[in-house]
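A short worksheet on the structure shown next.
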Amino acid sequence: MDFQLAIIGGGPAGYSAAEAAGKAGLSVVLFEKNALGGVCLNEGCIPTKTLLYSAKVFDGARNASKYAVKADNVSFDLAKIVSRRQKVVRKLVLGIKNKMSESGVTVVTGEAYIQDKNTIKCGDEVYKCEKLMLCTGSKTFVPPVKGLEKIDFWTHREALDCKELPESLVIIGGGVIGMEFASYFCSLGVKVTVVEMTSEILGGIDKEIASLLRAEYTKKGINFMLDAKVTEICNGESGKVTVKYQTADGEGCVESAKLLVSAGRHACTEGYGLENLSLEFTPQHRIMVDTKTMMTSIDGVYACGDITGFSMLAHTAVREAEVAVSHICGKDDNMSYKAIPGVVYTNPEVASVGMTEEMAKAVGFDYKVMKLPMAYAGRFVAENEGVNGICKVITTSNDTIIGAHILGNPASELIVIAGMMIERGKKLEDFKKFVFPHPTVGEIFREF
Ligand SMILES: Cc1cc2nc3c(=O)[nH]c(=O)nc-3n(C[C@H](O)[C@H](O)[C@H](O)COP(=O)(O)OP(=O)(O)OC[C@H]3O[C@@H](n4cnc5c(N)ncnc54)[C@H](O)[C@@H]3O)c2cc1C
């Protein structure tokens, strides 16, 4: 079978590329070995946010009296929370299937194997293609910690399926995924400890915002062990897990009923014939791509999404895929990594785009930092009784916006405003040139 474009992997990168290319009139074959939607729809973004929303509703109901609403004896049904998550996923995966058929994409269920850049084998069939796109994503990194192999630990997959809450949970890794699960289980009443090997949670996020979020969750009862490198894990007494760690002050240990390992993800580059392409890799072992077009070192072979290792985010994957298809179709469209938003869906949310203060300092920028409490936005005060937040904007010395960082709901929705300003090279005063609806939390940007 001959196609103009073959895509391996049906996650956000792969299905977005397939849809765009199909709509542009190309003949497209998309290979997916598990489920369309990839990690994002089936075990990542969507399921976690569905669970977190139930936890947020539960938190809201428990705190209803702050808003003069009586909601006594609030409880939750964990089995139903989990089955609602599965229902949401099924609905969205069906939506992707429909999009593929509407775009005329041939979807092949099975593991694709690359024989050469124009030949893909899947099962007994051989497919010929003019262009090839690699969208095979990433997988959980399990750190080589002594004793871990003997423990029945969770990764995000098992944590998503949890229908019986452990009394306590240790999470190795205080990154975005670790903190979202910490938030979820903490809301549901589990005693959570986060063990993080660096000096602050949420690596890559503005340090001040990350420490404020940590303070918020410390108040809610989460125990944080920072600068703590896990050295050994073993089965403790009465079915518990003991996590031993090393800090500058010496050795310590923490016991819990369950262990969740959330120590990062790495690109899927093995087991499907990638070596047959002789691609060039960066010194960080990433596939070398032209960051404007997403083409690899081999003409006609593209790589998009987590496999490139740039941001490990679904929205980056989608945009990279669109840019690659534009390049294949000869359209003028470039990838830009200047304003990729990152969100932590805790409660309160954290969102960040562009440079952090730490990055600006590291590259020697002459930068300015401006901060405002979120209470400057009337809507925030109306809807966040007794909760503080902060909005931080980083500019160059001539007021060009280069970064924005928010702690407070709904940071995930607000950050796009700052992202568009950064992408377009706008200045601080430009916020005031747009009319924002009133009252909205986004009006905070007009206060700078
Ligand atoms: C718990 C969790 C929460 C997350 N939350 C968010 C979030 O809130 N926001 C966000 O932006 N990102 C989030 N992410 C990250 C996000 O899921 C990824 O960035 C995104 O899925 C990457 O898309 P992708 O298309 O590159 O790869 P993937 O989604 O990993 O898809 C790759 C697909 O390729 C298939 N595949 C691999 N090899 C082959 C082969 N040889 N043949 C056929 N098929 C193959 C796989 O089965 C998979 O379906 C989260 C991730 C996790 C784990």
Side-chain angles (χ1 to χ4, degrees), residues 6-19 29-53 85 89 92-93 96 107-115 120-123 127 132-141 154-161 171 173 175-184 260-274 276 287 294 302-322 324 340-346 349-351 412 415:
I7 302 169
I8 307 183
Y15 71 68
S16 303
E19 185 186 5
V29 58
L30 172 69
F31 300 96
E32 172 51 58
K33 63 177 177 179
N34 294 322
L36 275 181
V39 169
C40 171
L41 251 68
N42 296 287
E43 53 177 282
C45 325
I46 298 296
T48 48
K49 269 80 251 181
T50 309
L51 297 184
L52 281 163
Y53 191 71
R85 176 211 109 205
V89 169
L92 294 175
V93 170
I96 300 295
V107 177
V108 176
T109 305
E111 186 156 14
Y113 184 84
I114 303 163
Q115 290 185 327
I120 309 298
K121 195 163 186 282
C122 189
Y127 299 79
L132 174 61
M133 199 178 293
L134 310 169
C135 302
T136 50
S138 64
K139 56 184 177 193
T140 301
F141 168 69
W154 282 348
T155 66
H156 67 279
R157 288 188 186 173
E158 293 77 24
L160 286 173
D161 278 333
I171 302 179
V176 176
I177 295 174
M179 277 310 297
E180 289 184 352
F181 277 111
S183 169
Y184 172 65
L260 166 59
V261 176
S262 179
R265 301 183 60 76
H266 59 88
C268 296
T269 51
E270 282 164 14
Y272 57 94
L274 203 59
N276 295 334
I287 293 177
M294 307 316 297
Y302 295 78
C304 303
D306 280 11
I307 192 183
T308 66
F310 285 122
S311 86
M312 301 280 192
L313 290 169
H315 39 279
T316 312
V318 168
R319 183 66 194 129
E320 287 174 341
E322 288 166 355
I340 305 272
V343 176
V344 194
Y345 292 82
T346 41
E349 293 175 353
V350 164
S412 54
I415 203 68

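Atoms within each ligand, like the ligands themselves, are counted from 1 in listed order. What you see is a predicted model, and the numbers here were worked out from it, not measured in a lab.
Atom 52 (C) of ligand 1 has as its closest protein heavy atom Ile177 CD1, 3.4 Å. Atom 25 (O) of ligand 1 has Ala13 N, 2.9 Å as its closest protein atom, hydrogens excluded (heavy atom only). Looking from atom 11 (O) of ligand 1 to the surrounding protein, the closest heavy atom is Ala314 N, 2.8 Å. For atom 18 (C) of ligand 1, the nearest non-hydrogen atom of the protein is Asp306 OD2, 3.3 Å. Nearest protein neighbour of atom 46 (C) of ligand 1, counting heavy atoms only, is Glu32 OE2, 3.5 Å. Ranking the protein heavy atoms by distance from atom 14 (N) of ligand 1 puts Cys45 SG, 3.7 Å first. Given atom 31 (O) of ligand 1, the protein heavy atom at minimum distance is Gly11 CA, 3.5 Å. At the shortest separation from atom 28 (P) of ligand 1 among protein heavy atoms lies Val39 N, 3.7 Å.
Side-chain contact check for Tyr272 and Thr136: at least one donor-acceptor pair (N or O, by modelled atom type) lies under 3.5 Å.
Heavy-atom contacts of Phe31 reach the following atoms of ligand 1: 43 (C), 44 (N) (cutoff under 4.0 Å). Annotation for ligand 1: atoms under 4.0 Å from non-hydrogen atoms of Thr48 are 1 (C), 3 (C). Short contacts between ligand 1 and Met312, defined as distances under 4.0 Å to a heavy atom of the residue, involve ligand atoms 15 (C), 19 (O).
The ring-ring contact (aromatic ring centres under 6.0 Å, His included) check on Tyr113 picks up nothing, with sequence neighbours excluded.
Nearest to atom 5 (N) of ligand 1 by heavy-atom distance, out of Glu43, Glu180, Lys33, Lys49, is Lys49.
Contacts with ligand 1 closer than 4.0 Å are made by backbone heavy atoms (N, CA, C, O) of Ser138 only, the side chain lying farther away. Looking at Tyr345 against ligand 1, only its side chain comes within 4.0 Å, counting heavy atoms. When non-hydrogen atoms are compared, ligand 1 lies under 4.0 Å from the side chain of Ile8 (C-beta onward) but not from its backbone.
Residue pairs that meet the side chain to side chain donor-acceptor pair (under 3.5 Å) test with at least one member in residues 303-315, sequence neighbours left out, are Ser138-Asp306, Ser311-Thr316.
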